[in-house]
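These notes concern the structure reproduced below.
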Amino acid sequence: MIRVLIAEDMTILREALVELLSLEGDMEVVAEVAAGGEIVPAALEHRPDVAVIDIGLPGQDGVSAAAELRERLPDCRVVILTAITRPGTLRGALGARVDAFVPKDIRPAELADAIRTVAAGGRVVDPDLALAALQAPESPLTHRETEVLRMSATGAQPMEIAERLFLTYGTVRNYLSSAVVKLGARNRVDAIRIASESGWI
């Protein structure tokens with residue numbers, strides 16, 4: 001039996017997934033959670049073989065929860081379900097070493113097959129998402145610009161970023177301005193959006 005954990009915040013979808021996978025003769029849903037922060041504790045308690053995780057969970061998002069799960073319970077394989085088809089999202093998921101990345105509109109039989117594949121040590125990536133990720137351009141930002149923009153995305157102000165990175169306030173503002181120009185953005189918020197959607201921060 002393949003022991004499965006389901007992480008999905010929409011109750012109706014989570015219950016549907018539990019029902020559908022319970023119909024498979026070789027699968028048992030051993031845990032279901034509704035938030036990213038609940039994944040690792042539930043996995044440590046129930047020891048699933050495969051975790052099926054929605055990428056857009058409240059609190060901790062699916063990709064960062066998957067990365068933490070791989071650290072804490074490396075034998076647990078991870079299937080990411082997503083309605084988000086941006087290439088950067090796929091790159092982030094692959095960076096977190098997930099084993100499968102599939103769209104939410106996948107047919108139940110295909111999801112079951114994906115779970116079996118990863119449980120057996122394989123990987124499954126939606127071909128359209130993979131192609132988009134391969135065709136996506138590289139980041140035009142330098143390492144420092146990326147670092148400063150990523151910190152800005154968390155809400156940190158330029159002075160705080162300067163203190164944390166041991167830079168001057170003016171240098172941080174220059175990095176932010178440079179990132180805005182390179183990304184063709186209207187302002188810093190727009191630059192953060194562009195870089196996030198592209199998977200560059």
Side-chain angles (χ1 to χ4, degrees), residues 1-134 150 153-154 196 199 201:
M1 292 290 281
I2 302 171
R3 296 167 58 80
V4 181
L5 176 148
I6 303 288
E8 167 60 57
D9 61 321
M10 291 180 60
T11 303
I12 190 167
L13 184 52
R14 185 175 66 252
E15 291 179 353
L17 286 170
V18 171
E19 286 290 324
L20 289 167
L21 294 180
S22 296
L23 295 175
E24 302 292 329
D26 58 346
M27 294 182 195
E28 177 189 6
V29 177
V30 296
E32 52 179 295
V33 300
E38 299 171 0
I39 292 173
V40 170
L44 290 173
E45 179 181 352
H46 298 282
R47 301 284 166 167
D49 300 305
V50 178
V52 179
I53 301 174
D54 175 23
I55 202 166
L57 294 170
Q60 187 179 24
D61 69 87
V63 171
S64 59
E68 184 182 349
L69 182 59
R70 293 310 297 263
E71 291 293 322
R72 302 284 301 278
L73 197 65
D75 290 340
C76 181
R77 313 285 286 176
V78 176
V79 175
I80 290 285
L81 276 179
T82 182
I84 304 169
T85 56
R86 295 190 298 263
T89 307
L90 173 60
R91 284 202 297 270
L94 294 178
R97 297 177 306 164
V98 305
D99 304 290
F101 191 85
V102 295
K104 271 192 169 181
D105 60 1
I106 190 171
R107 296 201 323 260
E110 292 175 334
L111 176 59
D113 285 344
I115 291 170
R116 290 186 186 98
T117 297
V118 301
R123 298 189 89 178
V124 179
V125 177
D126 179 76
D128 292 335
L129 294 177
L131 184 61
L134 288 171
R150 184 181 294 122
T154 68
S196 295
I201 63 171

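Values below: every heavy atom of this structure, side chains too, minus hydrogens, waters and symmetry copies. Sequence positions, counted from 1, serve as the residue numbers for this chain.
Here the closest heavy-atom approach between residue Ala51 and residue Cys76 is recorded as N-SG, 3.8 Å. Taking every heavy atom of both residues into account, Leu69 and Ala43 meet most closely at CD1-CB, 3.5 Å. In terms of heavy-atom proximity, Gly25 sits nearest to Met1 at O-SD, 3.3 Å. Smallest separation of non-hydrogen atoms from Pro108 and Leu20: CG-CD1, 3.9 Å. Contact record, Asp9 with Pro58: CB-CD, 3.5 Å, taken as the closest heavy-atom pair.
Between Ile39 and Leu57 the shortest side-chain heavy-atom distance falls below 4.5 Å. Side-chain contact between Pro48 and Leu73: present, with at least one pair of heavy atoms (C-beta onward) separated by less than 4.5 Å. Put simply, the side chain of Leu81 reaches to within 4.5 Å of the side chain of Leu17, judged on heavy atoms. Val98 places none of its side-chain heavy atoms less than 4.5 Å from the side chain of Val63. Inter-residue side-chain proximity for Val52 and Ile115 is flagged as met; some heavy-atom pair is nearer than 4.5 Å.
In this structure, Glu15 CD and Ile6 CD1 are separated by 12.0 Å, a value rounded to the nearest 0.5 Å. Rounding to the nearest 0.5 angstrom, the gap separating the CZ atom in Arg116 from the CD1 atom in Ile2 is 6.5 Å. Taken from CD1 in Ile80 to CG in Asp61, the straight-line distance is 8.5 Å, to the nearest 0.5 Å.
The environment of Ile12 atom CD1 is sparse: at most 12 non-hydrogen atoms of other residues, nucleotides or ligands sit within 6.0 angstrom. The number of heavy atoms from other shown groups lying within 6.0 Å of CD (Glu110) is above 12. Residue-environment remark: CZ (Arg123) exceeds the threshold of 12 foreign heavy atoms within 6.0 Å.
A side chain to side chain donor-acceptor pair (under 3.5 Å) check over residues 36-51, counting only residues at least two apart or in different chains, returns nothing.
Remark: Glu68 pairs with Gln60 by the side chain to side chain donor-acceptor pair (under 3.5 Å) rule, at least two apart or across chains.
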### Criterion side chain to side chain contact (heavy atoms under 4.5 Å, CB included) on Leu111 and Val79, from CA distance to verdict
CA-CA 9 Å; Leu111 176 59; Val79 175; 4.3 Å; yes
Could you pull out every donor-acceptor pair under 3.5 Å between side chains of residues 99-107 and any protein atom, sequence neighbours left out?
unit_1, atom_1, unit_2, atom_2, d
Asp99, OD1, Arg70, NH1, 3.4
Asp99, OD1, Arg77, NH1, 3.3
Asp99, OD1, Arg77, NH2, 3.3
Asp99, OD2, Arg70, NH1, 3.1
Asp99, OD2, Val78, N, 2.7
Lys104, NZ, Glu8, OE1, 3.2
Lys104, NZ, Asp54, OD1, 3.4
Lys104, NZ, Asp54, OD2, 3.3

